[in-house]
Amino acid sequence: MAGAAIGVAHCLALPSKFTTLSLHSSSSSSCSVPFSSLSFSSNLSQTVFSKGRLSISIIRGPIHHSIVCDAAPTKKADSAAKRARQAEKRRIYNKARKSEVRTRMKKVLEELEVLKKKPDAQAEEVLPIEKLIAEAYSVIDKAVKVGTLHRNTGARRKSRLARRKKAVEIHHGWYTPAPLVTA
């Protein structure tokens, strides 16, 4: 049996080459007789057996003893497979939400840029842009509420839209910031 333990240790030492280890003994009387050689089959693909579980069994024959090392790919646990499905579903859902946030922001920023470049713009032209900003705020708030965006990211994006709108209003003279009062 001591020789068989040596064979098991050799089998575990080479996890990428699982095959039958033939341990030939010089006499067939007992398992405690030292084995003369270990032979490995090296024609197995390493990628096939690199992941999996290992089962070792000792086969006793009349002339020699064999240690069989089998590798079988481990099946994903049902809970892990479910988590993978949920993660993929969330990834697609979050991707769509983030895309919608970017699209709404882009529309607002483009409209503000057009309004800023317009030389004879009127103050009433900001009203449709304010509706776009309100829609963008709503989409950002929903993305934060469901966890797609961090709340600080949502606040930063809303602030970016408000700052750009204020910059356009200042540019056209529709808004004058209050002078700073120093004490």
Side-chain angles (χ1 to χ4, degrees), residues 9 11-19 42-56 69-183:
C11 183
L12 291 174
L14 297 170
S16 62
K17 299 200 181 213
F18 300 123
T19 183
S42 62
N43 61 355
L44 297 174
S45 171
Q46 183 174 356
T47 57
V48 172
F49 295 117
S50 62
K51 296 178 183 171
R53 68 176 166 78
L54 172 67
S55 66
I56 301 172
C69 299
D70 293 325
T74 54
K75 184 183 153 206
K76 247 187 187 178
D78 291 336
S79 60
K82 182 177 179 181
R83 288 299 248 177
R85 285 194 309 269
Q86 289 174 336
E88 180 64 17
K89 193 183 292 186
R90 273 193 223 101
R91 185 187 69 82
I92 292 168
Y93 180 76
N94 289 341
K95 185 178 175 185
R97 279 233 186 245
K98 286 180 183 179
S99 175
E100 186 178 4
V101 167
R102 282 192 297 267
T103 302
R104 300 286 180 139
M105 287 187 63
K106 188 175 177 184
K107 283 182 181 179
V108 170
L109 295 175
E110 285 174 352
E111 289 294 321
L112 286 171
E113 194 63 33
V114 168
L115 187 61
K116 187 173 184 177
K117 290 181 179 177
K118 197 171 181 182
D120 57 344
Q122 300 297 318
E124 295 80 31
E125 293 181 46
V126 175
L127 296 177
I129 295 174
E130 286 179 348
K131 287 184 180 179
L132 288 176
I133 290 173
E135 290 171 5
Y137 279 11
S138 174
V139 170
I140 291 170
D141 288 337
K142 285 178 186 174
V144 168
K145 186 174 88 175
V146 297
T148 301
L149 291 179
H150 190 274
R151 65 177 184 236
N152 292 355
T153 304
R156 186 178 65 245
R157 291 186 180 183
K158 286 166 48 174
S159 172
R160 183 178 298 159
L161 295 176
R163 281 185 289 134
R164 293 280 175 91
K165 178 184 163 236
K166 187 174 276 191
V168 169
E169 290 175 340
I170 291 171
H171 175 75
H172 286 293
W174 303 325
Y175 176 83
T176 52
L180 293 174
V181 179
T182 56

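These values consider heavy atoms only, across backbone and side chains, with no hydrogens, waters or symmetry-generated copies.
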field: Lys142 atom NZ: more than 12 heavy-atom contacts under 6.0 Å
entry: no
query: With a cut-off of 6.0 Å (strictly less than), are more than 12 heavy atoms of other residues, nucleotides or ligands near CZ of Arg97?
result: yes
Rounded distance (nearest 0.5 Å) linking atom [atom1] of [X] with atom [atom2] of [Y]:
X      : Y      : atom1 : atom2 : result
Ile133 : Met105 : CD1   : CE    : 10.5 Å
Glu113 : Lys106 : CD    : NZ    : 13.5 Å
Arg102 : Ile140 : CZ    : CD1   : 12.0 Å
Glu130 : Leu127 : CD    : CG    : 5.5 Å

task: Before accepting this row, confirm whether a basic side-chain N of the pair Glu88/Arg91 lies closer than 4.0 Å to the acidic partner's carboxylate O.
output: yes
Check against side-chain contact (heavy atoms from CB on, under 4.5 Å), Arg164 and Val108: CA-CA 9 Å; Arg164 293 280 175 91; Val108 170; over 6 Å; no
Examine distances only and state if a side-chain atom of [X] and a backbone atom of [Y] form a donor-acceptor pair shorter than 3.5 Å.
X      : Y      : value
Thr103 : Ser99  : yes
His150 : Asn152 : yes
His172 : Leu115 : yes
Glu110 : Lys107 : no

task: Please list, chain by chain and in numerical order, all residues satisfying side-chain hydrogen bond (donor to acceptor under 3.5 Å, both in side chains) with Glu135, sequence neighbours excluded.
output: Arg104
Minimum heavy-atom separation for [X] and [Y], please, with both atom names.
X      : Y      : value
Ile170 : Pro177 : CD1-CG, 4.1 Å
Tyr175 : Lys166 : OH-NZ, 3.6 Å
Lys158 : Asp141 : NZ-OD1, 2.9 Å
Ile129 : Glu111 : CD1-O, 3.7 Å
Ala143 : Val101 : CB-CG2, 4.1 Å
Ala162 : Tyr137 : CB-OH, 3.5 Å

message: Working note: Arg85 + Lys89, criterion side-chain contact (heavy atoms from CB on, under 4.5 Å); need CA distance, chi angles, decisive distance, verdict.
response: CA-CA 6 Å; Arg85 285 194 309 269; Lys89 193 183 292 186; over 6 Å; no
- request: Show your working on side-chain contact (heavy atoms from CB on, under 4.5 Å) between Val126 and Lys165 and close with a plain yes or no.
  value: CA-CA 8 Å; Val126 175; Lys165 178 184 163 236; 3.8 Å; yes
- request: Quickly, which of Arg90, Lys98, Glu100 forms a side chain to side chain contact (heavy atoms under 4.5 Å, CB included) with Thr148? Name it, please.
  value: Lys98
